[in-house]
Amino acid sequence: MRRFLFMVVGGVLLMLVFFFLYKYYFVFGRGVKAGELNQFMEKGYVFKTYEGRLIQSGYRSKQPGSLQSNEFQFSVADERIAQQLMTASGKFVEVHYKEYLGAVPWRGFSNFIVDSVITVRDVNY
């Protein structure tokens with residue numbers, strides 16, 4: 001009886017570990033986003049994480065005569081990349097990101113984690 005109970009509890013714990021790893025550490029998607037870096041900051045009570053917002057503008061809109069503006073909110077886990085983005089506020093940046101299925105507090109508030117900066121240049125109006 002004890003062996004059976006140990007197997008059931010062990011199986012449930014193993015399934016919970018696999019679920020946690022899949023939900024929070026499986027890379028669901030990768031991609032590149034480009035736009036004007038609107039804000040970038042370090043914040044948090046217990047875990048200090050880097051959070052940013054990229055404004056992507058476009059011409060397609062659901063309402064005639066208006067421009068579409070999309071916002072890409074992201075987190076950065078690497079200190080070196082965070083310092084690179086701290087100096088790029090208001091500039092046009094291209095970033096490579098990984099998308100996870102869930103966010104963990106020590107990695108950031110967003111499911112999108114920027115892992116590299118491709119280009120940084122001044123905005124041309």
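Numbering of residues begins at 1 and proceeds along the displayed sequence.
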Less than 4.5 Å apart, any side-chain heavy atom of Ser75 and any of Ile113?
yes

Applying ring pair (Phe, Tyr, Trp, His ring centres under 6.0 Å) to Phe109 and not counting sequence neighbours gives none

Hydrogens and angles aside, do Gln73 and Ser110 bring a side-chain donor and acceptor to less than 3.5 Å of each other?
no

What are the two closest non-hydrogen atoms of Lys91 and Val120, and how far apart are they?
CD-CG1, 3.8 Å

Pick from Gln84, His96, Arg80: which one makes a side-chain contact (heavy atoms from CB on, under 4.5 Å) with Val117?
Gln84

Are any non-hydrogen side-chain atoms of Phe74 and Leu85 less than 4.5 angstrom apart?
yes

Evaluate ring-ring contact (aromatic ring centres under 6.0 Å, His included) for Phe72 paired with Phe112, printing each intermediate quantity in order.
CA-CA 9 Å; Phe72 176 60; Phe112 300 99; 5.3 Å; yes

Ring-plane angle category for Tyr22 and Phe26, please: parallel below 30°, perpendicular beyond 60°, tilted otherwise.
parallel

Which atom pair, heavy atoms only, marks the closest approach of Asn38 to Ser89?
O-OG, 3.9 Å

To the nearest 0.5 Å, how far apart are CG in Leu101 and CD in Glu99?
7.5 Å

Residues Arg53, Glu71; criterion salt bridge (charged side-chain N to carboxylate O under 4.0 Å, His left out); working and verdict
CA-CA 7 Å; Arg53 184 176 301 154; Glu71 206 175 69; 3.6 Å; yes

Arg107 to Tyr24 six-membered ring, cation-pi geometry met (6.0 Å, 45°):
no

So do Ile118 and Val32 actually touch side chain to side chain, heavy atoms under 4.5 Å?
yes

Flag the pair Glu51 and Lys43 as a salt bridge only when some basic side-chain nitrogen lies within less than 4.0 angstrom of an acidic carboxylate oxygen.
no

Verify, without hydrogens or angle tests, whether Lys48 (side chain) and Gly44 (backbone) share a donor-acceptor contact under 3.5 angstrom.
yes

Hey, any chance Phe47 and Phe20 share a hydrophobic cluster, counting ILVMFWY side chains that come within less than 4.5 Å of each other, even indirectly?
yes

Cluster question for you: counting only ILVMFWY and a side-chain heavy-atom cut-off of under 4.5 Å, with indirect links fine, are Met41 and Tyr45 together?
no

Could you tell me how the ring of Phe40 sits relative to the ring of Tyr50: parallel (under 30°), tilted (30 to 60°) or perpendicular (over 60°)?
parallel

Is there a side-chain contact between Phe92 and Glu94, using heavy atoms and a 4.5 Å cut-off?
yes

Same apolar cluster (I L V M F W Y, side chains within < 4.5 Å links), Trp106/Val17:
yes

With a 4.5 Å cut-off on side-chain heavy atoms, are Leu54 and Glu36 touching?
no

Can you confirm whether more than 12 heavy atoms, excluding those of Tyr25, are under 6.0 Å from its OH atom?
yes

Quick one: are Thr119 and Val93 in side-chain contact, heavy atoms under 4.5 Å?
no

Would you say that Asp115 contacts Lys98 through its side chain, given a criterion of any heavy-atom pair below 4.5 Å between the two side chains?
yes

